[in-house]
*Asks:* 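This is the structure I want to talk about, given as structure tokens.
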Amino acid sequence: MGSLDANPMSFSAFPGDKAAFEPLNPQDVRAYLHKAVDFISDYYTNVESMPVLPNVKPGYLQDELSASPPTYSAPFDVTMKELRESVVPGMTHWASPNFFAFFPSTNSAAAIAGDLIASAMNTVGFTWQASPAATEMEVLALDWLAQLLRLPTTFMNRTSTGRGTGGGVILGTTSEAMLVTLVAARDAALRRSCSIGVSHLPRLAVYAADQTHSTFFKACRLAGFDPANIRSIPTGPETNYGLDPAKLLEVMQADADAGLVPTYVCATVGTTSSNAVDPVGAIADVAAMFNAWVHVDAAYAGSACICPEFRHHLDGVERVDSISMSPHKWLLTCLDCTCLYVRDAHRLSDSLETNPEYLKNDATESGEVTDLKDMQVGVGRRFRGLKLWMVMRTYGTAKLQEHIRSDVAMAKMFEDFVRADNRFEVVVPRNFALVCFRIKPSGSMTEEDADEANHQLMENLNKTGKAYLAHTVVGDKFVLRFAVGSSLQEERHVRSAWDLIKKTTSNIMD
């Protein structure tokens, strides 16, 4: 079969065409990927000029493209044309330098290349033997990242003296990291309670601040914890919305006195709502009184901790049981890539291990290797370690730190803009690269009026397509979140966004 360019009808386009179907014809692979790479390069060149939020209605794509799958093949150029004309206009462009909503979803040339190669190899590395390099690469990349974060060697797969007791695994999301550690903590607590099966499960209690990501509470339910025993501990401005260890101790002690078993505490470094930081070491000290598992969710802000000036946010991590962070948020490694580290890997694998006959092999039996299937929910897994390694290998620590520091500097610049305009207030102290701000009440404006004005400001901003901001509620106030960090963002984009915010505010308030 010829290449796509030489023969655009290389797949059977008509019922009578009996040409052999070769989905991995090398010439087609080369031709299709060249076109895809051109598309990607053009996309990044032009994304700044595209509306960040699309103006489409639910169901629009089915109206534009056929509601039924095609029977016969079409030239790849037709597929790419429909991608450009129908799919791209319906995208929210997370890659846009004018995207300031949520936390960033960063990317890089090295990560894209790594993900492309991993997808092409399409290895399913559930055991070491199934693809030795895939497991070895994941282990290496995780240990490299652990060193950048200055994690204790107890969290590393390999140490200078050989295989460690801890280890890591790359999962899809923080939700998975929470779920698997909740299951491990649950089983450990049941063993301590001498429970037969899950008979004592209704007695187990778990804890987190009210600023903790909602996925924690979802994962608790999935792990079988009684919703009545999931504690959401209130926070306030006195701790900058971080978890108060004294309140945690009070709640855990009350549960223990009532016959419950404190089982798991989730501490967060960089909450989604306001970027609050829970005091890791103090929380670990409280949890240790009850032999409860401590997990640190550093999904977003963990990336910043590769910089020495931010590393103190992880102080005390040597006393926790697990920590996860997501390079796909702020460390230039595309989705999906959540790195979970555990201090005792066996506590995880004991709960998640599967050992069917068809997966048994000498390498596993030797005890010298890690079968990553036993540290996750499923069995199959992508070759995620490649892109993470390629990012660290290509850019090096200095460039990655420069990337973090640049974003933080731009966020500080925006914070200074807000503070200099007496129409606005910064609601919580800025941590990292997120600024939580709002129009503040003035004159006869009530708090309810201010909430309405901020809601209108966000809607009007987002309708322009020139910027995209999200909101949260902090201390019962409607607050706008301005998150710096898109891989293409420069200082000029932050300045332009601020100019747009000022102009839009003037239109609302005049």
Side-chain angles (χ1 to χ4, degrees), residues 114 118 123-172 174 176-177 180-181 183-184 293-296 298-299 302-303 305-306 314 317-328 331 333 336-355 359 361-393 397 400:
T123 185
V124 186
F126 35 61
T127 62
W128 181 91
Q129 183 168 281
S131 187
T135 297
E136 296 280 339
M137 176 60 78
E138 189 157 325
V139 166
L140 177 65
L142 285 163
D143 283 354
W144 276 15
L145 182 57
Q147 292 175 64
L148 294 191
L149 294 168
R150 290 191 291 157
L151 295 183
T153 55
T154 48
F155 286 101
M156 295 178 63
N157 295 279
R158 298 277 177 182
T159 68
S160 58
T161 58
R163 189 176 180 194
T165 57
V169 61
I170 302 180
L171 304 172
T174 300
E176 294 174 59
V180 297
T181 53
V183 168
W293 183 296
V294 179
H295 175 70
V296 176
S303 295
C305 295
I306 69 170
L314 295 182
V317 70
E318 68 278 0
R319 302 195 296 282
V320 310
D321 298 279
S322 56
I323 177 172
S324 62
M325 56 89 69
S326 299
H328 63 234
L331 207 60
T333 307
D336 48 9
C337 186
T338 289
C339 299
L340 169 66
Y341 296 92
V342 288
R343 192 151 47 90
D344 184 349
H346 290 295
R347 294 180 70 187
L348 202 59
S349 59
D350 285 350
S351 291
L352 301 172
E353 183 180 20
T354 55
N355 194 27
L359 291 185
N361 60 84
D362 291 342
T364 296
E365 297 298 327
S366 74
E368 292 298 313
V369 302
T370 299
D371 285 342
L372 295 174
K373 68 178 177 59
D374 296 330
M375 299 178 74
Q376 62 178 31
V377 174
V379 175
R381 57 193 336 277
R382 298 186 67 236
F383 189 4
R384 293 187 180 104
L386 184 61
K387 61 187 175 186
L388 179 59
W389 172 78
M390 289 183 74
V391 166
M392 289 188 286
R393 183 66 189 87
T397 305
L400 294 175

*Asks:* Using atom types as modelled and distance alone, determine if a side-chain donor or acceptor of Asn157 lies under 3.5 Å from a backbone N or O of Gly166.
*Replies:*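 No, the answer is negative, given that no donor and acceptor are paired below the 3.5 Å cut-off.
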
*Asks:* With a 4.5 Å limit on heavy-atom distance, are the side chains of Cys339 and Leu388 in contact?
*Replies:*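 Counting from C-beta outward, Cys339 and Leu388 do come under 4.5 Å.
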
*Asks:* Could you check whether the rings of Phe155 and Tyr341 sit parallel, tilted or perpendicular, using 30° and 60° as the cut-offs?
*Replies:*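 Perpendicular.
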
*Asks:* Measuring from Asp371:CG to Thr354:OG1, what's the distance to the nearest 0.5 Å?
*Replies:*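 Rounded to the nearest 0.5 Å, the CG-OG1 separation comes out at 9.0 Å.
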
*Asks:* Specify the closest pair of heavy atoms between Thr370 and Trp128, including all atoms of both residues, with the distance to one decimal.
*Replies:*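 What the structure gives for the nearest pair is O-CB, 4.1 Å.
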
*Asks:* Work out which heavy atom in Leu348 is nearest to a heavy atom in Ala184; give both atom names and the distance.
*Replies:*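 So the two residues come closest at CD1-CB, 3.9 Å.
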
*Asks:* Identify the two heavy atoms, one from Met325 and one from Gly302, that lie closest to each other, and give their separation to 0.1 Å.
*Replies:*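 Where Met325 meets Gly302 most closely, the heavy atoms are CE-C, 3.7 Å.
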
*Asks:* How long is the gap from CZ on Arg393 to CG on Leu386, to the nearest 0.5 Å?
*Replies:*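 Reported to 0.5 Å precision, the distance equals 13.5 Å.
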
*Asks:* Report yes if some heavy atom in the side chain of Leu149 is under 4.5 Å from a heavy atom in the side chain of Ile323; otherwise report no.
*Replies:*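 Not in contact.
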
*Asks:* Any side-chain heavy atom of Leu340 within less than 4.5 Å of one from His295?
*Replies:*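 Yes, at least one pair of side-chain atoms sits under 4.5 Å.
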
*Asks:* Who are the side chain to side chain donor-acceptor pair (under 3.5 Å) partners of Ser351, not counting sequence neighbours?
*Replies:*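 Listed in chain order: Asp187.
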
*Asks:* When you measure from the side chain of Gln129 to the backbone of Pro132, do you find a donor-acceptor pair of N or O atoms at a distance under 3.5 Å?
*Replies:*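 No, Gln129 side chain to Pro132 backbone: no donor-acceptor pair under 3.5 Å.
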
*Asks:* Taking side chain to side chain contact (heavy atoms under 4.5 Å, CB included) as the test, write out the residues that go with Val377, two or more places apart.
*Replies:*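 Leu179, Val180.
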
*Asks:* Kindly indicate, with the supporting measurements, whether the criterion side-chain contact (heavy atoms from CB on, under 4.5 Å) is fulfilled by Val391 and Leu331.
*Replies:* CA-CA 9 Å; Val391 166; Leu331 207 60; 5.5 Å; no

*Asks:* Answer yes or no: is there a side-chain heavy-atom contact under 4.5 Å between Asp336 and Arg384?
*Replies:*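 Yes - at least one pair of side-chain heavy atoms lies under 4.5 Å apart.
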
*Asks:* Answer whether the closest heavy-atom distance between the side chains of Pro327 and Leu145 falls below 4.5 Å.
*Replies:*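 Sidechains of Leu145 and Pro327: in contact.
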
*Asks:* Among residues two or more places apart or on two chains, list those pairs meeting salt bridge (Lys or Arg N to Asp or Glu O under 4.0 Å) that have a residue in residues 338-349.
*Replies:*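 Only Asp321-Arg343, Asp321-Arg347 qualify under salt bridge (Lys or Arg N to Asp or Glu O under 4.0 Å).
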
*Asks:* Under the side chain to side chain contact (heavy atoms under 4.5 Å, CB included) test, which residues partner Thr397, sequence neighbours left out?
*Replies:*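 Thr397: side chain to side chain contact (heavy atoms under 4.5 Å, CB included) contacts with Leu148, Gln401.
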
*Asks:* If you compare all heavy atoms of Ser303 against all heavy atoms of Ser326, which two are closest, and at what distance to 0.1 Å?
*Replies:*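 In this case the closest contact between Ser303 and Ser326 is OG-O, 4.1 Å.
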
*Asks:* Show every salt bridge (Lys or Arg N to Asp or Glu O under 4.0 Å) that has at least one partner inside residues 124-140, sequence neighbours left out.
*Replies:*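 Applying salt bridge (Lys or Arg N to Asp or Glu O under 4.0 Å) to every pair that reaches into residues 124-140, excluding sequence neighbours, yields Glu138-Arg381.
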
*Asks:* Which atom names give the shortest non-hydrogen contact between Met375 and Gly167, and what distance separates them?
*Replies:*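 Residues Met375 and Gly167, closest heavy atoms: CE-C, 4.3 Å.
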
*Asks:* Compute whether any side-chain donor of one residue and acceptor of the other, for Ser322 and Trp293, lie under 3.5 angstrom apart.
*Replies:*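 Short answer, yes.
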
*Asks:* Does Val369 form a side-chain contact (heavy atoms from CB on, under 4.5 Å) with Thr127? I'd like the steps, not just the answer.
*Replies:* CA-CA 9 Å; Val369 302; Thr127 62; over 6 Å; no

*Asks:* What residues, two or more places apart in sequence or in another chain, satisfy salt bridge (Lys or Arg N to Asp or Glu O under 4.0 Å) together with Arg319?
*Replies:*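 Salt bridge (Lys or Arg N to Asp or Glu O under 4.0 Å) list for Arg319, sorted by chain: Asp285.
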
*Asks:* How about Asn355: does its CG atom have over 12 heavy atoms from other parts shown lying under 6.0 Å from it?
*Replies:*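 Yes, enclosed.
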
*Asks:* Please lay out, stage by stage, how Thr154 and Glu318 fare under the test side-chain contact (heavy atoms from CB on, under 4.5 Å).
*Replies:* CA-CA 8 Å; Thr154 48; Glu318 68 278 0; 5.7 Å; no

*Asks:* With the side chain counted from C-beta on, respond yes when Ile170 and Thr338 share a heavy-atom pair under 4.5 Å apart, and no when they do not.
*Replies:*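 Contact flag for Ile170/Thr338 side chains = no.
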
*Asks:* Please report the closest heavy-atom contact between Ala146 and Met156, naming both atoms and the distance.
*Replies:*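 The pair with the smallest heavy-atom distance is CB-CG, 3.9 Å.
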
